[in-house]
Amino acid sequence: MSTRSRRPRLLLASGAGLAVTAALTLTGTGVADARPAPAAPADSTTVTPAGHAFAAKVNGKATFKAGSVTLTCSVSVSQPSDTGTNNHIPQAPDNTNPAGPVASDINPPTYSSCTTNMPGVTATVTTTGTWGVSMQNGSPASATLTVPTAGFVLQTSGLASCTVTSAPTGPSSVTGSWTNGSPSKITFVNAAVPVKVTGGFGCPTGAVTSAFNAVYDVTDVTDPASQITVSG
């Protein structure tokens, strides 16, 4: 009799333990689930006016800091050419993405009127290839600039002869904030760009990133009375 009565009690005790474990898990008081939560879907994005050409021009100065060297350029612009589709918002319906950014190829921005923080050192910047920009609606809205492989090369001369190559091994992207307005603006604050630095004395050859700071005004070239706008 005692053997027959003990087994049901053991089964009941085991079942009760499982029930408690399940209750703790369901109420969140048990062991936490180690699996990462799924990423939230990206907001819907629409960029208008569809099909219009746009230009981006630095407002103030653009700076690049690699190690102890800081480059400051007071002129920088990316603008559409007479032919081609670079610097154009996609035509409808491609100017809308229900769950992500809207992207455009752009002509490489030029950088001129540049100075360095090193006495006796001058600098020139060469940009090549097809760059890209993508706009994403959100709170706040954002804009991501993509630099092609070796698409930005800074060369210094004088007391220090250095070469700084951005995106040295592959395309690289930096993200800034987008603000609708008249004109709309893209702001980059200490955006990290991978770089490779070569040269002799005075060159920051140990630097692997450059901090990029700039504000760009984005204007409608097709219709200057219109504004480039990012919305949901």
Side-chain angles (χ1 to χ4, degrees), residues 36-59 62 64 76-81 83-111 127-152 166-195 209-224 226-232:
D43 290 345
S44 171
T45 302
T46 297
V47 183
T48 54
H52 281 212
F54 62 88
K57 182 179 180 180
V58 73
N59 183 332
F64 306 84
S76 177
V77 62
S78 173
Q79 54 191 358
S81 53
T83 59
T85 59
N86 287 359
N87 292 71
H88 282 74
I89 297 169
Q91 295 284 356
D94 294 333
N95 67 316
T96 294
N97 186 340
V102 173
S104 299
D105 289 336
I106 64 172
N107 292 320
T110 58
Y111 293 91
T127 53
T128 57
T130 298
W131 293 41
V133 65
S134 61
M135 282 75 86
Q136 171 67 59
N137 180 47
S139 298
S142 62
T144 298
L145 181 68
T146 299
V147 183
T149 305
F152 176 104
S166 294
T169 61
S172 178
S173 297
V174 291
T175 298
S177 61
W178 174 280
T179 306
N180 289 329
S182 180
S184 295
K185 298 181 184 297
I186 303 173
T187 302
F188 297 99
V189 178
N190 291 328
V193 183
V195 296
T209 60
S210 171
F212 176 46
N213 289 272
V215 178
Y216 282 87
D217 292 338
V218 183
T219 56
D220 190 322
V221 175
T222 301
D223 179 8
S226 298
Q227 305 303 326
I228 307 298
T229 301
V230 175
S231 61

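Residue numbers count from 1 along this sequence. Any value given below was found using the heavy atoms of this structure, including those in side chains, with hydrogens, waters and symmetry copies removed.
- Other residues, nucleotides and ligands place more than 12 heavy atoms under 6.0 Å from the NZ atom of Lys185.
- Rounding to the nearest 0.5 Å gives a distance of 6.0 Å between CD of Gln227 and OG of Ser184.
- Across every non-hydrogen atom of Val195 and Ser166, the tightest pair is CG1-OG, 3.7 Å.
- In summary, of the residues considered (Asn87, Asn86, Val58, Thr127), a side-chain contact (heavy atoms from CB on, under 4.5 Å) with Ser78 occurs for Asn87 alone.
- Minimum heavy-atom separation, Ala211 to Asn190: CB-OD1, 4.2 Å.
- Closest heavy-atom contact between Tyr216 and Ala62: OH-CB, 4.5 Å.
- For the residue pair Gln136 / Thr45, a side-chain donor-acceptor distance below 3.5 Å is found, with atom types taken as modelled.
- Between the CG atom in Asn59 and the OG1 atom in Thr187 there is a gap of 9.0 Å [rounded to 0.5 Å].
- Relative ring orientation between Phe64 and Phe212 is described as parallel, the plane-to-plane angle staying below 30° on a 0-90° scale split at 30° and 60°.
- Interatomic distance, OG1 of Thr229 versus CG of Asn137, reported as 11.5 Å (0.5 Å rounding).
- Between Val133 and Trp178, every side-chain heavy-atom pair lies at or beyond the 4.5 Å cut-off.
- Here the side chain of Thr222 pairs a donor or acceptor atom with the backbone of Ala53 at under 3.5 angstrom.
- When every heavy atom of Asn107 is checked against every heavy atom of Gln79, the shortest pair comes out as ND2-O, 2.9 Å.
- Summarising the geometry, atom OG belonging to Ser210 is positioned 7.0 Å from atom CZ belonging to Phe152; distances are rounded to the nearest 0.5 Å.
- Between Ile106 and Leu145, some side-chain heavy-atom pair lies under the 4.5 Å cut-off.
- When side chains are defined from C-beta on, Ile186 does not count as touching Val215, because their heavy atoms never get closer than 4.5 Å.
- Nearest heavy-atom pair, Thr48 versus Asn95, reported as atom, atom and distance to 0.1 Å: CG2-ND2, 4.0 Å.
- With hydrogens and angles ignored, the 3.5 Å screen pairs no side-chain donor or acceptor of Thr209 with any backbone N or O of Ala192.
- Counting heavy atoms from C-beta on, the side chains of Pro49 and Asp223 never come closer than 4.5 Å.
- Screening Val218, Val47, Thr179 against Val230 for a side-chain contact (heavy atoms from CB on, under 4.5 Å) leaves a single residue, Val47.
- A distance of 10.5 Å separates OG1 of Thr110 from NZ of Lys57, quoted to the nearest 0.5 Å.
- To the nearest 0.5 Å, atoms OG (Ser182) and CG (Asp217) are separated by 9.5 Å.
- Heavy atoms only, all atoms of each residue included: Pro194 and Ser172 are closest at CD-OG, 3.0 Å.
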